[in-house]
Amino acid sequence: MWSIMSNPEQQPALPSRAAHEAAELDAGNGYEAVVPHWFYCKVTGGRERWLPFSVQDSERLEEAHSAGKDKADVVVPTSGGRYDVHLKQRQCLAVFWEEEVSEVRRCTWFYKGDKDNKYVPYSESFSEELEEAYMVAVTLDEWKKKLESPNREVIILHNPKLMVHYQPVATSDDWGSTPTEQGRPRTVKRGVENIAAEIPNGEPLQIDHLVFVVHGIGPACDIRFRSIVQCVNDFRSVSLSMLQTHFKKAQEQEQIGRVEFLPVNWHSSLHSTGVDVDLERITLPSISRLRHFINDTILDAFFYNSSTYCQTIVDTVASEMNRLYLLFLQRNPDFKGGVSIAGHSLGSLILFDLLTNQKAAPEDEHSREGTEATSSIRGAEEVSEILKKLDLSEYCPAFEKEKIDGEALFLCREKNLEEMGIPLGPRMKLLHYISSRKEMQDTKELSAAGQHSSRDSPYPDVSLGQVSANYPQLLYKPTIFFAFGSPIGMFLTVRGVKRINPDYSLPTCKGFFNIFHPFDPVAYRIEPMIIPDLEFEPMLLPHHKGRKRMHLELKEGLTRMSVDLKNNLLGSLRVAWQSFTRAPLAAVEGASSEGEAETEASAEKQPDPKPEEAPAPSKEDPSLINVGKLNGGNRIDYVLQEKPIESFNEYLFALQGHLCYWESEDTVLLVLKEIYQTIGVTLDQPLPGSQ
């Protein structure tokens, strides 16, 4: 309990009594209650950072608090529905991924931290006592109040603009005196508006499209060694900024809301199989940090080329995307938009292999919707027949309760069956049956596809050389597949696929964009594999501010200037040479015919100067080059514009080039442009050079 003293010699007085007197004077003395704002605490590297909720989320939390809902276990969705705040426990939990639980606080009073000068909120109970003391000081106009705590901390309210917090010194004198203004004081502020906090307004409630993002090798995804969750958070933040600047008209007309990006993590599942323990036993003790880094990151590419671990990876990626999709629909029942997928580095190759092994539904969408009831009944019958065949009919009620039909049964994994209460023995029977049926079906399809491709097409199948695995099916048809810094082209070439059939398209996904930085050492092109006989540059990704970067324009200008100078110089040399080799006077006619012949011969032998290199003829619009059906006839390869500092040394910025996509406005803008084009929404102003 804190006590208030007008000066150190006076006896403490209870704040509640003074507050009762102040309450009567409240209306006439200019006191206004402080407006609270809700914060949450993030712990990174052992350091706490208090971050404000958006204005929208804070108002929603305050509304629930004011209604007394914090006395019950009420859950308030925040951050676009990606987090849930349990009001009673004052905890914030991630919905779609695993993350440390964050403390939540209703904040009114703050003090400046010692290390980074960031303001830190006081606890809710202490803030209430401070507010009570402040109200007394304002209404009674009695300042220079001291609040003393049992742990010897002192806060002095000098005036409404100056309030300081003194921490107790480590040593005290022999008399055990009360601490005075000793040590380094902390600045105290009342109300969030006085601490210059950057408070976002909030995200649009309407979600137009969902994008799953799959990471590459290792647990870290950028140069700052951040996780896929943190990197996708940056990507999402940039997308919200790009929507406000480039889709402002559509937002004002309420045509669009936003695009949701959700991370897909497969690295932790792979390394929880016990493989790290096996690697540790055989790893040499020297240069331990480098070896640990290699084991944890680079070996992921080798794991993917192992049939054992490839199966683990594709199962994890597909099941996680299916889980996130169902959970997203459960939390957003009104969602009517499409779903796209994006992969970085090795993640793009995993998605490409998954997409090449998806099975396109033979019937169209409308007929499938019309026969949904019939197919569900037939699926239930199939499950009962399967269970009867395996002498497991007693478990039919469990499958009927979970509404599992024949199609859903073949998507089940051991964990799902265990959650349904199926014992170990029957689980093993079912899993063996599912696995054997999948292998038989895949073998038939592969053999049929191989015979067909070898008989009718000179192009190898894109699945040639893929690691032998049972590729799971996704519960949705992706609208577009985005690959960032992707090695797909290199892996296809190594597998023996030197050319891609121009008529080939992914079975369930009609859009494919290969986006890369020019210095990215991991990225490879796709288009030359479709049209190997034609040399052409990738599409230059327009700058998000609507023009080519200045240093690139300067480089092009200097190139044109050098060509012009070269042409002029060659023209001058040709004229000079002709004047030297031509006989100018009649007096030389008397020269020997032999000398004349030699002169003429030497003139003939002299190679003609190269014809003037006129400016390159106008080339065909690069966006109109037909590169097959892999992206619906549109261009596939898109290259970012390097920054001016990056152009000084390509090798120095190679690693940064591979990890730059998460905060690249140009990349995000292309993703948004292509997604919204599918629903007929375009940019406010078309970017020059865009397709």
* Quick one: does Arg499's side chain have a donor or acceptor within less than 3.5 Å of a partner on Pro460's backbone? -> no
* Mind running ring-ring contact (aromatic ring centres under 6.0 Å, His included) on Tyr83 and Phe96 for me, showing each step along the way? => CA-CA 8 Å; Tyr83 290 87; Phe96 295 102; 9.3 Å; no
* N/O donor-acceptor pair under 3.5 Å between Asn626 side chain and Gly628 backbone -> yes
* **Test applied, side chain to side chain donor-acceptor pair (under 3.5 Å); reference residue, Tyr661; option that passes from Asp520, Thr667, Asp234** => Asp520
* **Ile526 backbone acceptor or donor facing Asp637 side chain under 3.5 Å** => yes
* Lys498, NZ: over 12 other non-hydrogen atoms inside 6.0 angstrom -> no
* Asked: Mind checking whether Phe484 and Trp662 have parallel, tilted or perpendicular rings, split at 30° and 60°?
  -> perpendicular
* Asked: Do Leu262 and Val232 come close enough that some side-chain heavy atom pair is under 4.5 Å?
  -> no
* To do: Dump the intermediate steps for side chain to side chain donor-acceptor pair (under 3.5 Å) on Asn265 and His215, then the final yes or no.
  => CA-CA 7 Å; Asn265 186 353; His215 66 84; 3.2 Å; yes
* Structure fact -> In short, Ile422 meets Arg427 closest at the heavy-atom pair O-NH1, 2.8 Å
* May I ask you to establish whether Arg525 and Phe536 are in a cation-pi arrangement, using a distance under 6.0 Å from NZ or CZ to the six-membered ring centre and at most 45° from the ring axis? => yes
* **Asp84 (side chain) donor-acceptor with Leu93 (main chain) under 3.5 angstrom** => no
* Which heavy atom of Trp266 sits nearest a heavy atom of Gly216, and at what distance? -> CZ2-O, 3.3 Å
* For the pair Gln473 (side chain) and Asn357 (backbone), establish whether a donor and an acceptor sit closer than 3.5 Å, ignoring hydrogens and angles. => yes
* Exercise: do Ser269 and Glu320 side chains pair donor with acceptor under 3.5 Å -> no
* Heavy-atom closest pair, residues Ser239 and Val668 -> CA-CG1, 3.4 Å
* Asked: Would you find a donor on one side and an acceptor on the other, under 3.5 Å apart, between the side chain of Gln358 and the backbone of Pro472?
  -> yes
* NZ (Lys629) with more than 12 external heavy atoms under 6.0 Å -> no
* Considering all heavy atoms, the nearest Leu387-Cys396 contact -> CD1-SG, 3.5 Å
* **Side chain Asn416, main chain Cys412, donor-acceptor under 3.5 Å** => no
* Distance-only side-chain donor-acceptor flag, Asp208 / Tyr676, under 3.5 Å -> yes
* Strictly by modelled atom types, are Tyr304 and Asp353 linked by a side-chain donor-acceptor pair under 3.5 Å? -> yes
* Asked: Counting N and O atoms only, with roles assigned by atom type, does the side chain of Arg82 sit under 3.5 Å from a partner on the main chain of Ser79, one being a donor and the other an acceptor?
  -> yes
* To do: Classify the side-chain pair Arg291/Ser286 by whether it contains a donor and acceptor separated by less than 3.5 Å.
  => yes
* Ile488 and Ser348: CA distance, side-chain angles, deciding distance, side chain to side chain contact (heavy atoms under 4.5 Å, CB included) verdict -> CA-CA 7 Å; Ile488 291 174; Ser348 64; 4.1 Å; yes
* To do: Please find out if less than 6.0 Å separates the ring center of Phe335 from that of Tyr325.
  => no
* **Atom CD of Glu98 with >12 non-hydrogen neighbours under 6.0 angstrom** => no
* Asked: Between the side chain of Asn514 and the main-chain N/O of Tyr524, is any donor-acceptor distance below 3.5 Å?
  -> yes
* Flag for Glu280-Asn295: side-chain donor and acceptor within less than 3.5 Å -> no
* Of the non-hydrogen atoms in Asp300 and Gly218, which two are nearest, and what is the gap between them? -> OD2-N, 2.8 Å
* To do: For Gln466 and Thr356, run side chain to side chain donor-acceptor pair (under 3.5 Å): C-alpha distance rounded to whole Å, both residues' side-chain angles, the deciding distance at 0.1 Å, then the answer.
  => CA-CA 10 Å; Gln466 284 181 353; Thr356 57; 3.0 Å; yes
* Structure fact -> Smallest heavy-atom separation, Ile515 atom then Leu670 atom, equals CD1-CD2, 3.5 Å
* **Close side-chain approach of Phe513 to Tyr638, heavy-atom, < 4.5 Å** => yes
* If only atom types and distance count, is the side chain of Glu665 paired as donor or acceptor with the main-chain N or O of Met242 below 3.5 Å? -> no
* Might you work through the ring-ring contact (aromatic ring centres under 6.0 Å, His included) test for Phe261 and Phe235, ending with a clear yes or no? => CA-CA 8 Å; Phe261 297 89; Phe235 201 86; 5.1 Å; yes
